[in-house]
Amino acid sequence: MPQGTPASGLHCGLEGRLLEIELTSGTDISCFPAGSLIEVGSPTTLYLGEVYVSDGRRRVIGVEHLIDRESLAAIQDLWSSRNRS
């Protein structure tokens, strides 16, 4: 989340609303315990949800919101242009 600690990981899969990631080595595996609210970013998508499973480096996240970054950028551009007027 915005005030949280960033960590690196690998996207392992998305099935329905369950996103599986694996934290990379060097990441504190005690971070993001089950119940944590989490933001997972990829080049194309932003996922917001809750950690359901925390098992070693593996995390399973229940995705509540999925945001397409290209669509988000278009909305941000529109808002910015309106604020300049």
Side-chain angles (χ1 to χ4, degrees):
M1 298 304 289
Q3 297 176 1
T5 304
S8 297
L10 302 172
H11 182 286
C12 298
L14 178 66
E15 186 173 322
R17 289 206 158 284
L18 296 178
L19 171 66
E20 186 174 342
I21 62 171
E22 183 177 324
L23 300 173
T24 56
S25 61
T27 301
D28 178 8
I29 63 170
S30 68
C31 67
F32 314 118
S36 298
L37 298 180
I38 192 166
E39 174 183 306
V40 178
S42 76
T44 59
T45 309
L46 183 64
Y47 303 92
L48 303 174
E50 179 183 348
V51 176
Y52 285 174
V53 176
S54 177
D55 181 21
R57 297 199 174 284
R58 181 176 160 262
R59 300 292 182 275
V60 176
I61 298 146
V63 177
E64 295 293 325
H65 302 283
L66 182 141
I67 303 164
D68 177 89
R69 289 187 183 270
E70 189 174 322
S71 297
L72 178 60
I75 292 168
Q76 289 172 324
D77 288 344
L78 179 61
W79 288 344
S80 294
S81 67
R82 287 188 177 182
N83 287 335
R84 286 181 260 159
S85 301

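These values consider heavy atoms only, across backbone and side chains, with no hydrogens, waters or symmetry-generated copies.
Members clustered with Leu10: none, using a 4.5 Å side-chain heavy-atom cutoff among hydrophobic residues. Side-chain heavy-atom separations under 4.5 angstrom define the hydrophobic clusters, and the remaining members of the one that includes Val60 are Leu18, Tyr52, Val53. The hydrophobic cluster containing Ile29, built from Ile/Leu/Val/Met/Phe/Trp/Tyr side-chain heavy atoms closer than 4.5 Å, comprises no other residue.
Looking at residues two or more places apart in sequence or on another chain, you find no side chain to side chain donor-acceptor pair (under 3.5 Å) involving Arg69. Considering only residues two or more places apart in sequence or on other chains, Ser54 meets the side chain to side chain donor-acceptor pair (under 3.5 Å) condition with Arg59. Looking at residues two or more places apart in sequence or on another chain, you find no side chain to side chain donor-acceptor pair (under 3.5 Å) involving Glu50. Remark: Asp55 engages no residue in a side chain to side chain donor-acceptor pair (under 3.5 Å) (not counting sequence neighbours).
For residues 10-21, the side-chain hydrogen bond (donor to acceptor under 3.5 Å, both in side chains) pairs, not counting sequence neighbours, are Glu20-Arg58.
Between the Thr24 side chain and the Ser8 main chain, a donor and an acceptor come within less than 3.5 Å of each other. Side chain of Thr45 to backbone of Ser42: no donor-acceptor contact under 3.5 angstrom is found.
When all heavy atoms of Thr27 and Arg57 are compared, the pair lying nearest together is O-NH1, 3.2 Å. Heavy atoms only, all atoms of each residue included: Leu23 and Cys31 are closest at CD1-SG, 4.3 Å.
Under the side chain to side chain contact (heavy atoms under 4.5 Å, CB included) rule, Tyr47 has a single partner from Ile38, Val63, Ile61, which is Val63.
For the atom pair CG of Leu14 and CG of Leu66, the computed distance is 7.0 Å after rounding to the nearest 0.5 Å.
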